[in-house]
Each structure stands twice: as structure tokens, then as C-alpha cells.
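Everything on this sheet refers to the single structure shown next.
Atom set for the values below is all heavy atoms of this structure, side chains included, hydrogens, waters and symmetry mates excluded. Positions are given from 1 along the sequence.
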Amino acid sequence: SSFFTKPDEAVIEMIDATACCGDGIDNLPEKICGHWKLPLVDFKSITSGNPDNIKMLRVQGDSMQPTINEGDFVWVDASNNFASSDGIYLIRMSTGLAVKRLQAGLNNIVIKSDNPTYSDITAEVGELKIIGKVVHILNSRRV
């Protein structure tokens with residue numbers, strides 16, 4: 001990093017890749033557009049992950065409502081890039097990046113949306129590219 005970080009501070013890279021909760025928007029997940037700093041004690045109260053592995057990005061679309069709404073931010077742990085357990089993950093689909101709920105089976109993974117208007121998709125374990133697991137949702141409600 002080219003900026004000074006205090007030892008009691010966590011720095012999370014913000015990715016300029018709007019993860020879509022819909023049909024998918026393709027962006028490179030490597031594109032860093034900023035950094036979000038917070039006290040290390042607060043970071044540790046949210047996740048036990050390493051701040052270097054956590055990426056933050058804004059969600060677009062309605063497929064994960066009511067769990068994640070358009071405009072919310074998610075923290076993705078890029079070190080957890082395999083479906084070790086059921087949960088919400090950032091994945092790369094043929095249509096682009098998407099935040100989806102995954103249910104891992106023996107040979108396949110069911111890609112689910114929380115919004116019932118979207119259908120489930122089944123993919124083979126080897127063909128699904130998992131970027132990381134969502135470990136935190138930051139709600140972006142305007143008050």
C-alpha cells in the first residue's frame with residue numbers, strides 16, 4: 001500500500017466492480033477504486049478474516065432482496081473462494097459478477113436468489129468461479 005496504516009487500523013480495498021444481484025454485470029474484480037479504514041477492534045467484531053483478504057463492493061439489482069438490497073455494500077472474503085458451506089458468495093457467471101446464495105451438493109452447486117421471482121440455476125462444481133464468500137452486508141438506507 002502506498003499510504004500509511006496505523007497498527008490498530010484495518011484497511012479494506014473497495015473494488016470498482018458493481019456486483020450484480022440480477023442478470024450479471026461484468027467488471028474486473030481487481031480494479032481498486034478506494035480504501036475503507038476502520039478501527040481494527042471494530043473490524044474484528046465483524047469478521048475474523050484478514051483485512052487483506054476482504055474486498056468491499058456495491059451491489060446492484062434486486063435478486064437478493066430482502067437480504068441484500070440494491071446499493072448495499074458487501075464485504076467479500078477472497079480467501080474463501082470455494083463453496084465450503086452454504087452461504088452467500090460473489091461468483092463470476094457467464095453474464096458477469098453476481099452475489100448469489102450457493103447450496104453445495106456432491107457434484108453440483110445450486111445458485112439461488114433470495115427474491116422468489118428469479119429461478120435457481122444448477123452448475124457443476126468445476127465450472128463455477130467463486131471469487132469469495134460474503135461475510136458482511138452494509139445497509140445503505142437513506143434517512
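- Here the straight-line distance linking atom CD of Glu9 with atom CG of Leu40 works out to 9.0 Å at 0.5 Å rounding.
- Partners of Asp52 by side chain to side chain donor-acceptor pair (under 3.5 Å), not counting sequence neighbours: none found.
- A donor-acceptor pair under 3.5 Å links the side-chain atoms of Asp72 to the main chain of Ser140, judged by distance alone.
- In this structure the side chain of Val99 reaches within 4.5 angstrom of the side chain of Ile88, judged on heavy atoms.
- The CD atom of Glu70 sits 8.0 Å away from the CD atom of Gln65 when rounded to the nearest 0.5 Å.
- Asp114 CG to Lys100 NZ: the interatomic distance, rounded to the nearest 0.5 Å, is 9.0 Å.
- For CD of Glu127, the number of neighbouring non-hydrogen atoms (other residues, nucleotides, ligands) closer than 6.0 Å is greater than 12.
- Aromatic rings of Trp36 and Phe43 (six-membered ring for Trp) have centroids beyond the 6.0 Å cut-off, not under it.
- Residues Arg141 and Asn69 have side chains in contact (heavy-atom distance under 4.5 Å, counting atoms from C-beta outward).
- Distance check: Tyr89 OH to Asn80 CG gives 5.0 Å after rounding to the nearest 0.5 Å.
- Residue-environment remark: CG (Asp42) exceeds the threshold of 12 foreign heavy atoms within 6.0 Å.
- Using modelled atom types and a 3.5 Å distance limit, the side chains of Asn115 and Ser113 yield no donor-acceptor pair.
- A distance of 7.0 Å separates CD1 of Ile12 from CD1 of Ile46, quoted to the nearest 0.5 Å.
- Heavy-atom minimum distance, Ile68 versus Val74: CD1-CG1, 4.1 Å.
- Summarising the geometry, atom CD1 belonging to Ile137 is positioned 7.5 Å from atom CE belonging to Met64; distances are rounded to the nearest 0.5 Å.
- A donor-acceptor contact shorter than 3.5 Å links the side chain of Asp86 to the backbone of Ala104.
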